[in-house]
Each structure stands twice: as C-alpha cells, then as structure tokens.
Amino acid sequence: MNNTEYNFAEIEKKWQAYWAEHETFKTDVWDFSKPKFYALDMFPYPSGVGLHAGHPEGYTATDIVSRMKRMQGYNVLHPMGYDSFGLPAEQYAISTGHHPEGFTQKNIETFSKQLKELGFDYDWSKMVATSDPAYYKWTQWIFKQLFLDGYAQYIDMPVNWCEELGTVLSNDEVIDGKSERGGYPVVRKNMKQWVINQPAFAEKLLEGLKEIDWPESTKEMQRHWIGKSEGVEVKFQIVGGGEFSIFTTCIETIYGITFMVLAPDGQLVQDLMPRIKNQAEVKAYIDETKKKNDMDRTELNKGKSGCRLEGVTCINPANGKEAELFIGDFVLASYGTGAVMAVPSHDQRDFEYAVAHDIPMIQVIDGADVSQKAFEKGEYLGKGCKLINSEEFTGLTVEEAKEAITAKLEKMGVAKRTVNYHFREWIFARQRYWGEPVPVVHTDDGKIYPLPDDELPLVLPELEDYKGQGGKAPLENATEWKKYDRNGVKGVRETSTMPGSAGSSWYFLRYVDPHNDKEFANYELLKHWLPVDLYIGGPEHAVGHLMYSRIWNRYLYDKGLSPVKEPFKKLVHQGMILGENGIKMGKRFPKYVVNPSDIVKKYGADTLRLYEMFMGPLEASKPWSAAGVEGAFRFLKRSFRMVMDQPVVDRAPNADELRLLHATIKKVTNDLETLNINTAISQLMIFVNAFAGEGKELPREAAETFVLLLSPIAPHVCEELWEHLGHDHTLAYEPWPKYDEKHLAVDEVEILVQVLGKPKSRIMVAADATEDAMREAALADEKVKAAIEGKTVRKVICVKGRLVNIVAN
RNA sequence: GCCGGAGUGGCGAAACGGCAGACGCAACGGACUUAAAAUCCGUCGACAGCGAUGUCAUUAGGGGUUCGAAUCCCCUCUCCGGCACCA
C-alpha cells in the first residue's frame with residue numbers, strides 16, 4: 001500500500017481553477033429543456049472583516065443541494081451577490097473623505113475570493129451588487145412605480161429620530177429606545193417622510209403565508225408583525241358636543257365601560273382642551289409623556305399613569321350612560337383610533353388603571369371573581385360564558401352577544417366592523433449617503449416629480465464631505481447636484497436615500513437576468529425561474545428582509561411584473577455556530593472566534609464544508625469543536641486513500657456490498673433532499689468503514705458511486721478521485737446514482753421478541769414471514785419459553801419484519 | 001406576561017409509536033515505530049464475568065394513552081429565539 005498523501009491545498013487549487021476555466025457552473029438561463037432549480041443564499045453585506053464561521057454553513061447547504069440537483073438533471077441557478085449599501089462604508093467615507101465605492105469594491109473582492117476558496121458552485125457571471133448603479137437603476141425604477149401607484153407616499157408622520165446617527169430609523173432598527181447600531185438614544189419626532197404603505201398588502205401577505213414552506217416560527221413572527229385584529233369601531237358622543245371613535249375587539253363588554261382613555265399625544269385631547277377644567281395637570285401629563293418616549297417605557301409603567309379630564313364626559317351608546325374621560329400613555333395615538341373604551345372587570349390593563357385612579361368597575365361576563373384581577377377574553381372566550389348586567393343581552397353567550405351587540409350598534413348607525421393592523425407605514429428614507437437616491441424632484445410649485453426613466457439611474461454624486469451637517473442628509477452638501485431644471489421642470493432633488501432593505505427586496509428577481517438594461521428582468525425568464533426553490537439564511541431576517549421582499553414581490557405580481565405571489569417557496573434558517581465555549585462568537589471572547597480561512601489553510605475547504613455539515617442539524621445552534629474538525633479531516637483522508645490506494649476492480653459487487661451501496665445511495669439522496677446532511681454524512685462514514693481497509697479491493701461501481709455521493713459535500717477531493725478513476729471530465733454533470741429496492745431486500749430478518757414490552761430474545765425469520773409464522777417461531781424460542789413459564793399468554797402482537805410482543809401474565 | 005423552538009452518554013448528536021445512544025469526538029487498551037506523529041484494530045451507561053452472556057438503570061421532572069412512548073396527550077421546571085401596554 002503506497003499511502004498517497006491527501007494534498008488538499010493542491011487539489012483544491014487545481015479544481016477551482018478547472019471550474020473557472022471551463023465555466024463549469026455557468027447557467028444558461030434560457031435553456032428551458034430541463035426542469036429548473038433555483039437555490040438562493042441570503043447575500044452578505046461585504047464587511048471589511050470578511051467571512052465568519054457562520055457564513056459557510058448556510059452557503060454549503062445550498063451548495064450541496066444545488067450540486068445534487070444539477071447531477072439529477074436540473075438546470076440549476078445558484079447565484080451570489082452583495083448587499084453593498086450600508087453604514088460601515090459610509091463611516092469609512094466620512095472618516096477618510098474617500099468615496100465609499102472603492103472601499104466597497106475592495107471588500108467585495110475579498111469576499112469573492114474567500115467564497116471561491118470554499119468551492120461553491122456559484123455562477124459568478126450572475127453576481128449583483130446593490131450599490132452598482134446598473135443595479136440600483138432598477139431599485140429606483142421599482143420605487144418610482146410604487147410612487148406612481150400611490151404606495152410610496154411623502155407624508156408627515158412621527159418617526160424614530162436618532163440625533164447621533166443623524167437619521168430616521170425604522171421600528172426594527174430601534175431596540176429599547178436605542179438605535180440597533182451604536183445604541184444611541186432615539187426620539188419620536190414629526191417629519192415629512194417617504195413611506196411605503198405596507199398595510200395595503202397586509203391581507204395578501206397573511207394569505208400568502210398559507211402557501212409557503214417556511215419554518216412555522218417565522219410565519220408566526222410575520223403574522224404577529226402584521227398584527228391583524230378584527231373588531232368594531234364605535235362612535236361615542238361627547239357631552240356638550242363632539243364625538244370620537246374607539247376600536248375594540250371585545251364589543252361584548254360594552255356594558256362594562258366605566259371610563260374611556262385617550263392618547264395623550266393625540267389630536268382629540270387638544271381639541272377638548274378648552275373644556276377641560278384641570279388643564280394645568282393635563283398639560284403637565286402630556287409633556288411628561290413626550291419626554292417618556294425616549295426612555296424605556298415599560299420600566300416606567302409599573303403603575304398605570306394617567307390623568308382625568310375633569311369636566312368632560314361621553315355617552316356609552318349601548319346604554320346611554322355617562323362615562324368619564326382620561327388620558328393615559330398606554331393608549332397609542334398611532335394605533336386604532338387613539339382612544340379606547342375601558343372595561344376594568346374584563347381587561348387587566350384597564351383593571352390596573354381603574355385601581356390606580358379609583359374608578360368603579362362593572363362585571364358583565366359571568367364565570368369568575370373580578371375583585372382581584374380582570375376576567376379577560378383569553379379566559380372567557382369559547383367557554384360558553386354568559387353576559388350579566390347587560391340589559392337585553394344578559395343571558396346570551398359571549399359569542400352570541402358579540403354578534404347581537406354589533407348588530408344593534410350598526411343599526412343605530414354608531415358602529416362599523418373594522419380590521420386593525422399592528423403593521424404601519426414602512427419608513428422608506430434615510431438621511432444617509434450610501435444608499436439609493438430617491439429619484440424624485442420637489443418642484444418649485446410644491447409638487448413631486450418622479451424622474452423620467454431615461455434619467456435613471458440617478459447616480460450618487462461625489463462629495464467633499466460625506467457627513468450631513470446638523471442632522472441633514474449628506475446629499476444636502478451636493479449643492480449643484482441638488483438643483484434640477486430640465487424640460488420646464490424646476491426644483492430641488494430629494495436628498496434622502498433609501499433604506500438598506502430596498503436593494504435586497506428584489507435581488508432574487510435580478511439574478512435571473514442581471515445584465516438586462518431594458519427592464520429589471522425579462523418576464524419570460526422570471527416565469528421560468530421563479531419562485532426560488534430553496535432559500536437559506538439566518539433567522540434574524542424573519543421579519544425584516546423576508547417581509548419587505550414579500551411586499552415588493554407582491555406589488556410587482558399585482559402589476560404583472562413578477563410571475564409569483566410568493567417569491568420563496570421553501571425557506572430554511574441555518575442555526576448559529578457558537579464558539580467552542582458555547583457562546584456566540586464575537587468581540588467578547590476573541591479567542592473563541594473561528595476564521596474560516598484559517599481552517600481552509602490548515603485542513604482545506606472540503607474539511608470545513610464536511611465538518612460544518614456534520615456538526616448537527618442545519619437549523620440548530622451548535623458549538624464549534626476543533627477536535628471535530630480533525631474528525632472530519634480524518635474521514636476525508638480515509639476516503640481519499642480508500643479510492644486512491646486500494647485496488648479498484650472491475651468485478652460486480654457481491655450481494656452484501658450491493659446492499660450497503662444501495663442503502664447508502666438511498667439514505668444520502670433522501671437526506672440531502674431534506675437537508676439532514678449530518679445523517680447523510682454518517683451513512684457515507686458507515687460505507688467507508690465497511691469498504692476501506694488495507695488490501696481490500698474496491699469494486700469499481702462502489703468506488704464511483706461513493707465518489708459521486710460525496711461530491712456535493714466535498715467537491716474538490718471527489719473531482720480528484722473521479723479523475724483518478726479514469727474520467728477526463730468534471731463529475732458535476734454525472735448522473736446522480738439511483739438505488740434499486742431489489743438490492744436492499746434480504747431473505748431473512750432478525751426480529752425482536754418482547755414479553756410485556758421487555759426485549760427477551762432475537763430470532764431469525766423469513767423476510768416475508770406471516771404473522772402466524774412469526775408468532776409460532778417466537779413461542780418456540782427457548783428464551784421466550786423461559787420468560788413466559790407459568791404465565792398465560794393473553795395476546796401476541798406481531799409487527800411484520802420487526803418484532804413480536806407477547807402479553808403474558 | 002405572550003408566541004415559537006428545544007431539553008437524550010464525558011461532548012456534538014442518531015432513532016416511520018417497535019432492540020435508545022447509529023455516526024463522529026474525547027477517553028482507554030493494543031498493533032506498527034528506536035520513539036513520537038500519522039495510521040490501523042479493539043473497548044467505551046452501571047454492576048457481575050476471561051467470555052458468549054446476564055442483571056439493573058436510563059431520553060429534564062410528574063401524570064396519562066398504548067401490547068409497547070425519547071417520540072402522542074396533560075401539568076411542572078430549565079434553556080434559547082422573538083414580541084412586548086396593539087385596545
């Protein structure tokens with residue numbers, strides 16, 4: 001035995017060069033003759049630090065599937081690109097005065113080089129970068145359509161303003177009143193804003209969730225984010241003139257109203273101000289609320305703060321009774337109507353408020369004691385509880401009352417059924433430089449003029465200073481660029497740019513046709529390639545990117561520009577790779593941070609790929625193990641030597657060899673399809689344990705099949721072995737091995753015999769033995785006889801080919 | 001608090017309601033070697049035995065369904081992720 005050295009560095013270099021030279025993975029998107037498979041990774045932000053250990057995990061998984069699909073005869077599209085607008089490049093520009101473009105370009109090159117070293121089968125000719133004007137031309141174009149169709153609007157609204165960053169942030173960029181990046185304080189402030197009307201898509205987005213194969217947790221998060229609630233909007237008359245509406249999902253409790261609460265920062269309380277007797281107190285509370293907005297509100301609201309509006313009452317339309325008005329900061333001006341009816345007996349929040357402000361309560365639903373805490377809808381719904389103290393509705397069940405009360409109020413003309421969403425406008429502009437300029441002009445006569453298509457892309461101007469002055473957008477510094485005077489249109493360009501999520505909201509459409517300069521993508525191609533068959537990415541995008549992408553795509557679908565309602569058919573989140581200490585890799589424990597490039601240098605890309613896939617289930621978080629990497633490396637070395645050094649013989653495999661071979665094909669094929677890659681690798685290890693050994697011969701069929709099965713996971717070494725086996729072409733398009741059940745069949749099987757569920761013996765029976773034969777054989781077994789000695793056999797359960805369970809006592 | 005997911009050897013983990021712990025790591029014993037590394041073979045829940053084997057325990061804890069439960073149902077605890085006054 002000559003013990004050929006596994007020189008992974010040379011092998012990997014050789015095959016990466018081969019793939020590049022032969023354009024092995026270039027996809028002819030116009031080839032519709034084969035079934036398509038579109039595998040997609042969430043494209044990275046090209047940061048200066050390069051890849052981390054988590055990147056290869058998801059990327060390897062899609063790579064494995066796309067390589068297998070290609071071998072199974074699919075035309076595979078597996079592209080990669082960069083979400084290249086973002087804050088680090090902007091900060092670099094501010095501190096150095098250089099254009100972020102160069103910095104970004106350099107990072108893209110570093111990333112691409114690292115990704116190529118991992119041997120992914122990306123078609124690099126399809127690469128996109130969101131900061132490339134040829135790309136963002138179409139981001140701007142889609143935005144323009146959204147504007148023309150009324151979905152993108154320029155409106156006055158309260159925003160999350162971060163003074164330190166000098167920009168507006170979306171809700172998901174604010175955590176506990178601080179900015180996600182940097183942790184700077186964020187305040188609420190009214191500003192003219194570009195927004196996208198996402199509530200207009202709420203129903204369609206909810207509907208779409210039903211048809212896609214996504215993790216349940218992610219779908220649930222999206223449902224929550226949309227936050228649909230069905231209820232009734234009811235008009236209340238104010239004593240002495242005026243009216244206001246409230247929204248409730250519990251109309252059945254309307255007879256339990258003892259007070260009403262308005263949002264302190266709403267318009268209504270301002271309108272009522274002249275009639276309020278304790279104005280000083282009310283104004284003080286309102287001021288306090290405004291200050292509170294930038295603090296951790298939950299901390300401050302242990303007790304239910306608020307203030308009575310003395311001298312103002314309203315009439316409950318259901319029974320004509322008067323109710324007092326309050327303001328309280330638990331009522332949000334931006335949700336519902338900015339006013340609520342308060343039923344302390346049946347809402348814990350109202351209960352606490354009533355206790356704090358000494359307000360009476362009326363129980364209207366029977367079935368619990370409400371002296372200590374409220375009897376809430378979660379507890380009474382669907383339990384057949386009945387109404388009390390509710391005039392003609394007393395005695396009805398809650399469900400009946402919901403309908404009857406709504407009907408009565410509708411008849412009176414004071415109520416209508418409504419749906420409310422937690423989902424608000426998506427704020428779609430940032431006071432930053434490194435983003436897509438919003439392609440509109442504010443004309444001198446006060447109108448908004450979207451740029452004509454031939455002026456797109458509207459390219460970012462070079463600046464002397466990339467920092468905005470006094471919280472203004474950096475593009476305000478571009479005094480010449482800003483001025484607009486063409487074709488009789490005079491005005492000033494919009495100076496805010498789009499948020500980071502703009503470019504990533506449609507990149508999956510562009511990959512199909514990335515060089516098209518006539519349209520964002522050819523519809524025929526989209527129709528063939530969409531939806532994405534497999535999308536893998538981190539769970540941190542569960543509501544952000546994955547929601548925005550669905551919105552943009554759905555808009556384009558409604559417009560006839562995207563062929564599918566939902567862009568991502570199957571979504572999988574890879575789990576986080578933790579440090580060896582079991583804690584998230586990061587600055588806190590630098591010695592536990594793993595750099596994939598180091599692993600590639602020491603063990604090769606194939607080992608890194610194999611190890612990351614063997615660590616455990618793809619979706620699980622799992623700690624890194626340096627020893628585990630050694631194990632993966634050992635397996636590849638063993639596999640390598642098995643094929644290189646053992647005699648490969650042309651005899652047909654014997655029955656035992658065939659059985660293992662076909663069992664391996666079956667398990668690997670099924671497991672890769674379902675992304676149980678760790679168990680597919682286990683099976684390949686079992687195969688090697690059986691076939692590898694000094695002096696053992698390797699039937700050619702077994703050798704070739706093994707190499708093909710391992711190739712999606714460890715492509716470089718397998719190409720090398722394939723070549724060694726006498727092939728002069730890449731194995732990337734070799735037909736994927738097929739298994740035949742007939743080779744898996746056995747004549748005799750070992751079955752277990754249990755007595756009262758306890759294993760007692762194992763016996764051999766014919767594979768197709770009938771239940772009677774099994775029972776007979778089991779009862780004839782010596783050990784079984786001993787176990788049931790002196791007992792009466794009550795029942796015998798037989799499971800064909802598996803076991804016999806004797807119930808005896 | 002609410003929603004989602006998870007809890008199995010020393011560790012990462014396997015297991016259509018049917019022999020728990022496949023596969024890998026670590027550990028231990030052995031072969032090869034002057035020696036080490038690499039490699040190969042073996043052991044690896046506990047107890048007894050040289051051994052085949054036997055006995056016992058066992059899938060966070062408690063209850064239930066079932067001939068049979070890691071797996072299904074109910075309750076409790078712990079951990080992770082998300083949301084958090086949404087009317």
Side-chain angles (χ1 to χ4, degrees), chain A residues 1 3 5 176 215-221 223-225 227-229 231-233 246-250 253 260-261 263 297-298 300-301 304 328-332 334-343 347-350 352-353 377-378 420-424 539-540 542-543 573 575-576 578 580 582 584 610-611 614-617 619-632 634-635 637-638 641 676 678-686 688-689 692-694 750-762 794-799 801-808:
Chain A
M1 193 109 153
N3 265 330
E5 191 199 349
D176 287 338
E216 192 48 43
S217 58
T218 302
K219 290 208 241 181
E220 192 58 23
M221 260 190 245
R223 275 185 217 111
H224 254 99
W225 194 254
K228 178 179 181 173
S229 55
V232 185
E233 207 174 295
I246 59 96
F247 173 74
T248 180
T249 56
C250 307
T253 63
M260 310 291 288
V261 189
R297 284 165 54 194
T298 42
L300 286 157
N301 279 280
K304 287 278 174 285
D329 64 7
F330 75 84
V331 181
L332 309 174
S334 51
Y335 182 79
T337 60
V340 300
M341 65 179 216
V343 184
D347 182 296
Q348 188 58 23
R349 199 187 46 200
D350 297 349
E352 285 165 25
Y353 195 92
K377 63 177 166 189
N420 255 298
Y421 301 97
H422 179 197
F423 214 30
R424 321 258 170 85
E540 66 274 16
V543 282
H573 297 303
M576 199 187 302
L578 308 169
E580 204 146 11
K584 190 176 164 173
L610 181 90
Y611 171 64
F614 187 59
M615 289 172 88
E619 301 87 338
S621 295
K622 46 228 165 223
W624 185 265
S625 158
V629 180
E630 291 276 358
R634 240 178 339 242
F635 167 69
K637 277 194 285 191
R638 232 175 145 213
R641 283 196 317 265
N676 294 113
N678 54 333
T679 49
I681 294 170
S682 299
Q683 183 63 37
L684 290 165
M685 287 173 168
I686 291 169
V688 171
N689 287 344
E694 198 164 342
E750 189 189 67
I751 62 166
L752 175 74
V753 185
Q754 298 179 326
V755 175
L756 279 173
K758 294 249 187 281
K760 288 293 172 193
S761 182
R762 289 154 189 90
R794 306 273 172 207
K795 199 172 168 186
V796 179
I797 286 114
C798 298
V799 181
R802 287 197 167 270
L803 60 73
V804 175
N805 188 10
I806 299 164
V807 185

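The sequence lines fix the lettering, A, B, ..., with proteins before strands; numbering per chain opens at 1.
Closest to the side chain of R349(A), out of A13(B), C19(B), C85(B), is C85(B). Checked against C86(B), C16(B), A38(B), the side chain of Y335(A) finds its nearest nucleotide in C86(B). When each of G12(B), A87(B), C67(B) is scored by its nearest atom to the side-chain atoms of F247(A), the top-ranked nucleotide is A87(B). When each of C85(B), C19(B), C86(B) is scored by its nearest atom to the side-chain atoms of R424(A), the top-ranked nucleotide is C86(B).
Annotation: side chain to side chain contact (heavy atoms under 4.5 Å, CB included) contacts of T249(A) (sequence neighbours excluded): S229(A), F247(A), K377(A). Applying the side chain to side chain donor-acceptor pair (under 3.5 Å) test to Q683(A) and every residue at least two apart in sequence or in another chain returns T664(A). Residues satisfying the side chain to side chain donor-acceptor pair (under 3.5 Å) test with E630(A), not counting sequence neighbours, are Y603(A). Legend: residues meeting side chain to side chain contact (heavy atoms under 4.5 Å, CB included) with Q754(A), ordered by chain and number and at least two apart, are L752(A), L803(A), N805(A). Residues satisfying the salt bridge (Lys or Arg N to Asp or Glu O under 4.0 Å) criterion with R223(A), sequence neighbours excluded, are E216(A), E220(A). Partners of K584(A) by side chain to side chain donor-acceptor pair (under 3.5 Å), not counting sequence neighbours: none found. Residues forming a side chain to side chain contact (heavy atoms under 4.5 Å, CB included) with E750(A) (at least two apart in sequence, or on another chain): R762(A), M764(A). In this structure K622(A) satisfies the salt bridge (Lys or Arg N to Asp or Glu O under 4.0 Å) test together with E57(A), sequence neighbours excluded.
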*Give the B/S/- string for nucleotides 20-31 of chain B, one per nucleotide from 5' to 3', where a protein heavy atom under 4.0 Å of the base yields B, of only the sugar-phosphate yields S, and otherwise -.*
--BBSSS-----
*How does each nucleotide of nucleotides 51-56 of chain B score, in 5' to 3' order, for protein heavy atoms under 4.0 Å: base (B), sugar-phosphate only (S), or none (-)?*
------
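Comparing U33(B) with A52(B), their C1' atoms are spaced 35 Å from each other, to the whole Å. Between G64(B) and A13(B), the two P atoms lie 32 Å apart (nearest whole Å). The gap from the P atom of C72(B) to that of A14(B) amounts to 16 Å, rounded to the nearest Å. C74(B) and C83(B) have their C1' atoms separated by 27 Å, given to the nearest Å. C41(B) and C77(B) are spaced 50 Å apart, taking the P atom of each and rounding to whole Å. A26(B) and C11(B): their C1' atoms are spaced 7 Å apart (whole Å). To the nearest whole angstrom, the two C1' atoms, one in U78(B) and one in C86(B), are 30 Å apart. Annotation: U8(B) and G62(B) have their P atoms spaced 16 Å apart (nearest Å).
Distance check: H224(A) NE2 to M221(A) CE gives 10.0 Å after rounding to the nearest 0.5 Å. The CG atom of N678(A) sits 11.0 Å away from the CG atom of L610(A) when rounded to the nearest 0.5 Å. Between the OG1 atom in T337(A) and the CG atom in L332(A) there is a gap of 11.0 Å [rounded to 0.5 Å]. The CE atom of M576(A) sits 14.5 Å away from atom CD of E619(A), with the distance rounded to the nearest 0.5 Å. In this structure, the separation between CD1 on I681(A) and CG on N676(A) is 11.0 Å, given to the nearest 0.5 Å.
For RNA chain B, each stem of at least three Watson-Crick or G-U pairs (distances under 3.5 Å) is given as range with range: B:1-7 with B:77-83, B:10-12 with B:23-25, B:27-31 with B:39-43, B:45-48 with B:53-56, B:60-64 with B:72-76.
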For nucleotides 5-9 of chain B, give me every protein contact, N/O to N/O, under 3.5 Å, one pair per line with atom names.
none

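Taking only side-chain nitrogens and oxygens, K795(A) comes nearer than 4.0 Å to OP1 or OP2 of C67(B). The phosphate of A38(B) (OP1 or OP2) has no side-chain N or O of K637(A) nearer than 4.0 angstrom.
Both K228(A) and H224(A) lie near RNA chain B, and the one whose nearest nucleotide falls closer to the 5' end is H224(A).
Atom-to-atom, CZ of F330(A) to C1' of A87(B) comes out at 8 Å; the value is rounded to the nearest Å. When the P atom of C2(B) is taken as reference, atom CD of E220(A) falls 15 Å away, rounded to whole Å. The distance from atom CE of M260(A) to atom P of A87(B) is 16 Å, rounded to the nearest whole Å. What separates CE of M221(A) from C1' of C80(B) is a distance of 12 Å, to the nearest Å. For F423(A) and C83(B), the CZ to C1' distance is 15 Å, given to the nearest whole Å. In this structure, K622(A) atom NZ and A14(B) atom P are separated by 10 Å, rounded to whole Å. Atom P of nucleotide U39(B) and atom CZ of R641(A) are separated by 7 Å, given to the nearest angstrom. Taking atom NZ on K377(A) and atom P on C86(B), their separation rounds to 8 Å, with Å as the unit.
Counting heavy atoms from C-beta outward, F330(A) and D350(A) have side chains that approach closer than 4.5 Å. In this structure, K228(A) and F423(A) have side chains that are not in contact, with every pair of non-hydrogen atoms separated by 4.5 Å or more. Using a 4.5 Å heavy-atom cutoff, the side chains of P539(A) and T218(A) are not in contact.
Using a 4.0 Å heavy-atom criterion, one finds that E540(A) contacts no nucleic acid atom at all. No engagement by K758(A) is indicated, since no non-hydrogen atom pair under 4.0 Å with the nucleic acid exists. Across all strands shown, V799(A) has heavy atoms under 4.0 Å from base atoms, whether or not it also approaches the sugar-phosphate. Using a 4.0 Å heavy-atom criterion, one finds that P617(A) contacts the sugar-phosphate atoms exclusively. Within the nucleic acid shown, V261(A) has no heavy atom closer than 4.0 Å to any nucleic acid atom.
In this structure a side-chain-to-backbone donor-acceptor pair under 3.5 Å is missing from Y611(A) to W624(A).
Annotated as anti: G51(B), whose glycosidic dihedral deviates from 0 by more than 90°.
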